[in-house]
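Have a look at the structure below, then the notes.
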Amino acid sequence: MSINTVRVRFAPSPTGYLHIGGARTALFNWLYARGQNGLFILRVEDTDQSRSTPESVETILEGLRWLGLNWDEGPEVGGKHGPYFQMRKLERYREVAEALIANGHAYRCCCTKEELEERRRLAEKQKRPYKYEGLCRDKALPADMAHVVRFKVPQDKAGSVCFQDQVLGRICKQYADIEDFILLRNDGIPLYNFGCVVDDHDMDIGLVGRGQEHINSTFGQMLLFEALGWQAPQFAHFPLILGKDREKLSKRLHPEADLMQHRKNGILPQALLNFIVRLGWSHQNDETFTLKQMVEYFGFNHVGKTSGVWNPDKLLWLNQYWMKNLPPSEVAAALAPFLQEAGATETLVPAKVEKAVLALRERSKTLVEMARLGVCYFQKGVHMDAAAKAKHLGPESLHLLRAARERLAASDFSTAHIEAAIREVAQTWQVGLGKVAQPIRVAVTGQTISPGISETLELLGREETLARMDAALQE
RNA sequence: GUCCCCGUCGUCUAGAGGCCUAGGACGCUGGCCUUUCAAGCCGGCAACACGGGUUCGAAUCCCGUCGGGGACACCA
C-alpha cells in the first residue's frame, strides 16, 4: 500500500438501526475513498455499553451491504489496523490516557457524577450557563477513589483552536469556550471524543467526514491530537438532514430515519442512494446518478453548507425513475419478494416477472405498489372488484366480451395479434376501443386499472386469459 | 442562556462581482397524447431574509439585524 493512499472511515455506534443520516455520511465517505482510490474503513464505536447491541451491528452491516457500500477493512473482513471494535482495545486507550496524564495534558478527576449533576441543576435554576471550570485540576486524589480522566484544556485565555474544514472553511473556537472533557469514564471505558482520536490515529485515517453535529467536538479532538503530538486528519462536516418539522432527523420522531424502512417500503437502493447524495451535494443541474457517476463527480467542494429537509415526493419520483431505468432483470429480482408477500401463488419465473416489471413500472412508484398491481398475474383466477364489475361487466357489454373471447381464442397471443383482434371487434360492432378493452380488463384483472390491454393479456397468457374471460361470462 | 454553523422558489439545488429581466428538479397547475391508469411531451405559478456599506456594477465581498439549525452527558 502506498503511503499516500487516503484512508477514510465510517464509525457508527451500534445502538439501533442504521440512521439515514449515518447512511449518507457513509456514502459521502465511501464516494470520496473510491474517487481517490483510497480505502474505506468501517469501525464500530461500541463503547456505550448500555445501548450497544450485537444485533445493531448486524443491522448496520446489512444496511451498508444493501446500499452496496463495501468496506476494505473492518468487521468480517479484518485488516491490519484492528481491532475494529472499540471495546476490543480498551488497554490501548488506557495506555494513551496514562501518557497524557504523565505529560500533564490530563488528570484524574475527583468530582463524582452526583456532584456535577447538582452543579448543573443549580446553574440551570439560576439561569446561568453551566461550566465545569476544571474543578479538580490540581487536587490530589485518594488512591482508592473511583475517578474519570479529564483532558486539561490550555489555560491561555486568548488562545484558540482552529481547523480547516473541507466544506465549511476555517473554523475556530477559543479555549475559554471549551471545557476539560472526559477521556476515560470511571470504569476505564473511553468516551467518544477520546476513542475517536486514538482510533483515527491508530487506523491512519487521513480524512474524517461526518455530520455537522460533530463540529463542536472537533475542537476538543484537535487539542488531543496536539497534546499527543499526532498529526490530525483533515475534517469535512456535512450538512444535517432535517425532518418536515425542520428538526434533525431523529429515530424517535421520524420513521423515515430508519434506512431499512425504505427497503420495506419498496424503495430501490439505487433510488435511496441517489436521493441522499443530492441532499447536500450537487453536480451542476444533474438529478440522477449511477453509483459510478457519483464516484466520478463527488467532491467536498460541491457539498453544501445548509441543512436539507427530507422530501418524500422526490424519493418516490427517483424510485420510479430507477425502476424505469435499471435493467429490468435487476428490478424483477427486487420485486419478487414483494410479489410473494402480496400473495402470489404461482412460481415466480424470472422471465415473467421481468415482463411484469416492463408492464408495470410506468404506473408504480414503489415495489410495493408494483406488487399490488402485479400480483394478479401470478395467481389462478381473479379477485373481482365489485365496483369495477358493476361498471364494466353489465349486460350491455357482455356481447362485446363474448365476441372478443371468440376472436382472441383464435389469436396466437402475441402483443400485436391481441391488439389487432381487439381492434377488429371494436370495428365490427362499431364501438370505440374503450368499450371493448375495458370489460376485458376488468374480466381478467378484476380492476379498472392495468397496463395496456394487449400487454396485460400477453403477460397473463392464453390459457389464464380465456379462463378468466369465461368466468366473467358465466355470471 | 453560552458557543458553533447556516440563510436563493413550498422542498432539493445551480450560481465562485457583470453571462441573472436568477437556471434545473420534485411538488402543484394548464394543455397535448390516449382503450383504463400511468408514463411521456409542451406551457404556467413560484425565491436571492432585511438594513447598511464596498464597487462603474452584488444573489455573489464586508458589517449589523433578524431567522433557522446544531452542540453544550461518566451518549455518540
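Reminder, nothing fancy here: chain letters follow the sequence lines and each chain counts from 1.
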Apply the test ring pair (Phe, Tyr, Trp, His ring centres under 6.0 Å) to residues A:Phe219 and A:His214: give CA-CA distance (whole Å), side-chain angles for both, the deciding distance (0.1 Å), then the verdict.
CA-CA 9 Å; A:Phe219 300 107; A:His214 290 292; over 10 Å; no

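- For the 3.5 Å distance criterion, the side chains of A:Asn265 and A:His262 fail to qualify, holding no donor opposite an acceptor.
- Listed pair A:Lys173 / B:A71 fails the phosphate criterion, with no side-chain N or O lying under 4.0 Å from OP1 or OP2.
- Under the Watson-Crick or G-U wobble criterion, with both distances below 3.5 Å, B:G1 is paired with B:C72.
- Closest to the A:Leu433 side chain, of the nucleotides B:A71, B:U35, B:A14, is B:U35.
- Here the P atom of nucleotide B:U36 and the CG atom of A:Leu373 are 16 Å apart, to the nearest Å.
- Here B:G69 presents its P atom at 6 Å from CD of A:Glu247, a figure rounded to the nearest Å.
- Taking atom CZ of A:Phe289 as the reference point, atom P of B:C26 lies 14 Å away to the nearest angstrom.
- Checked by atom type, the side-chain pair A:Asn216/A:Lys173 shows a donor-acceptor distance below 3.5 Å.
- Counting non-hydrogen atoms under 4.0 angstrom, A:Ile171 reaches the backbone sugars and phosphates but no base.
- Within the 4.0 angstrom heavy-atom criterion, base atoms lie near A:Gly452.
- The residue A:Asn311 sits close to a base: some heavy atom pair falls under 4.0 Å.
- Ranking B:A71, B:C6, B:G27 by closeness to the A:Trp317 side chain, first place goes to B:G27.
- Not one side-chain nitrogen or oxygen of A:Ser450 sits closer than 4.0 Å to the OP1 or OP2 atom of B:C37.
- If you find the closest nucleotide of RNA chain B to A:Ser13 and to A:Arg363, the one lying nearer the 5' end belongs to A:Arg363.
- In terms of position on RNA chain B, the residue among A:Lys365 and A:Gly308 whose nearest nucleotide sits closer to the 5' end is A:Gly308.
- Among the heavy atoms of the strands lying under 4.0 Å from A:Val309 are primed sugar atoms or P, OP1, OP2 only; no base atom is included.
- Contact annotation for A:Lys435: no contact, since no heavy-atom pair falls under 4.0 Å across all strands.
- Between the side chains of A:Thr456 and A:Ser450, a donor-acceptor pair is found at a separation under 3.5 Å.
- Between B:C32 and B:C20, the distance separating the two P atoms is 33 Å to the nearest Å.
- Between A:Arg246 and B:U11 there is a side-chain N or O to OP1 or OP2 distance below 4.0 Å.
- Closest contact between the side chain of A:Asp177 and the listed nucleotides B:U2, B:G70, B:C74 involves B:U2.
- Heavy atoms of A:His214 sit under 4.0 angstrom from at least one base atom.
- Considering only the side chain of A:Leu279, B:C12 comes nearest among B:G70, B:C12, B:C5.
- Heavy atoms from other residues, nucleotides or ligands lying under 6.0 Å from CD of A:Glu98 number more than 12.
- Applying the 4.0 Å criterion to OP1 and OP2 of B:G40, one finds that A:Lys324 has a side-chain N or O inside that range.
- Using a 4.0 Å heavy-atom distance criterion, A:Ile215 is classed as a sugar-phosphate-only contact.
- If you take NZ of A:Lys157 and P of B:C3, they are 15 Å apart, rounded to a whole angstrom.
- OP1 or OP2 of B:A76 sits under 4.0 Å from a side-chain N or O of A:Thr47.
- A:Tyr17 carries A:Lys251 over the face of its six-membered ring, with the cationic atom under 6.0 Å from the centre and within 45° of the normal.
- The partner of B:C61 is B:G53, judged by Watson-Crick or G-U wobble contacts that both fall below 3.5 Å.
- Paired with A:Phe289 under the rule ring pair (Phe, Tyr, Trp, His ring centres under 6.0 Å), one option of A:Trp322, A:Phe298, A:Trp281 passes, and it is A:Trp281.
- Side-chain proximity of A:Asp313 to B:C26, B:U36, B:C3: nearest is B:C26.
- Between A:Gln212 atom CD and B:C5 atom P there is a gap of 10 Å when expressed in whole angstrom units.
- Between A:Phe219 atom CZ and B:C4 atom P there is a gap of 8 Å when expressed in whole angstrom units.
- Pairing for B:C28 is with B:G44, a Watson-Crick or G-U wobble pair whose two hydrogen-bonding atom distances lie under 3.5 Å.
- Checked against B:A76, B:U35, B:G69, the side chain of A:Tyr192 finds its nearest nucleotide in B:A76.
- The nucleotide whose nearest atom lies closest to any side-chain atom of A:Ile449 is, among B:C37, B:U35, B:A71, B:C37.
- Checked by atom type and distance alone, the side chain of A:Glu330 never pairs as donor or acceptor with a backbone atom of A:Pro327 at under 3.5 Å.
- Residue A:Pro12 is out of contact with every strand shown, counting any heavy-atom pair closer than 4.0 Å.
- Within 4.0 Å (heavy atoms only), A:Asn186 reaches at least one base atom of the nucleic acid.
- Proximity of A:Arg185 to the phosphate of B:A73: no side-chain N or O atom is located under 4.0 Å from OP1 or OP2.
- A:Glu287 comes within 4.0 angstrom of a base, heavy atoms only.
- In this pair, A:Phe238 and A:Phe28 present their aromatic rings perpendicular. The plane angle is above 60°, beyond the 30 to 60° band.
- In this structure, B:C20 forms no base pair with any nucleotide, since neither Watson-Crick nor G-U wobble geometry is met with both distances under 3.5 Å.
- Nucleotides B:U13 and B:C45 place their P atoms 24 Å apart, quoted to the nearest Å.
- Heavy atoms of A:Cys196 sit nowhere under 4.0 angstrom from any nucleic acid atom.
- If you check B:G67 for Watson-Crick or wobble pairing at under 3.5 angstrom, you find it paired to B:C6.
- Out of B:A76, B:C12, B:C3, the shortest distance to the side chain of A:Arg278 is found at B:C12.
- Side-chain proximity of A:Lys248 to the nucleotides B:U35, B:C26, B:G70 is greatest for B:G70.
- No engagement by A:Arg361 is indicated, since no non-hydrogen atom pair under 4.0 Å with the nucleic acid exists.
- Taking atom CZ of residue A:Phe181 and atom C1' of nucleotide B:C72, one finds them 14 Å apart after rounding to whole Å.
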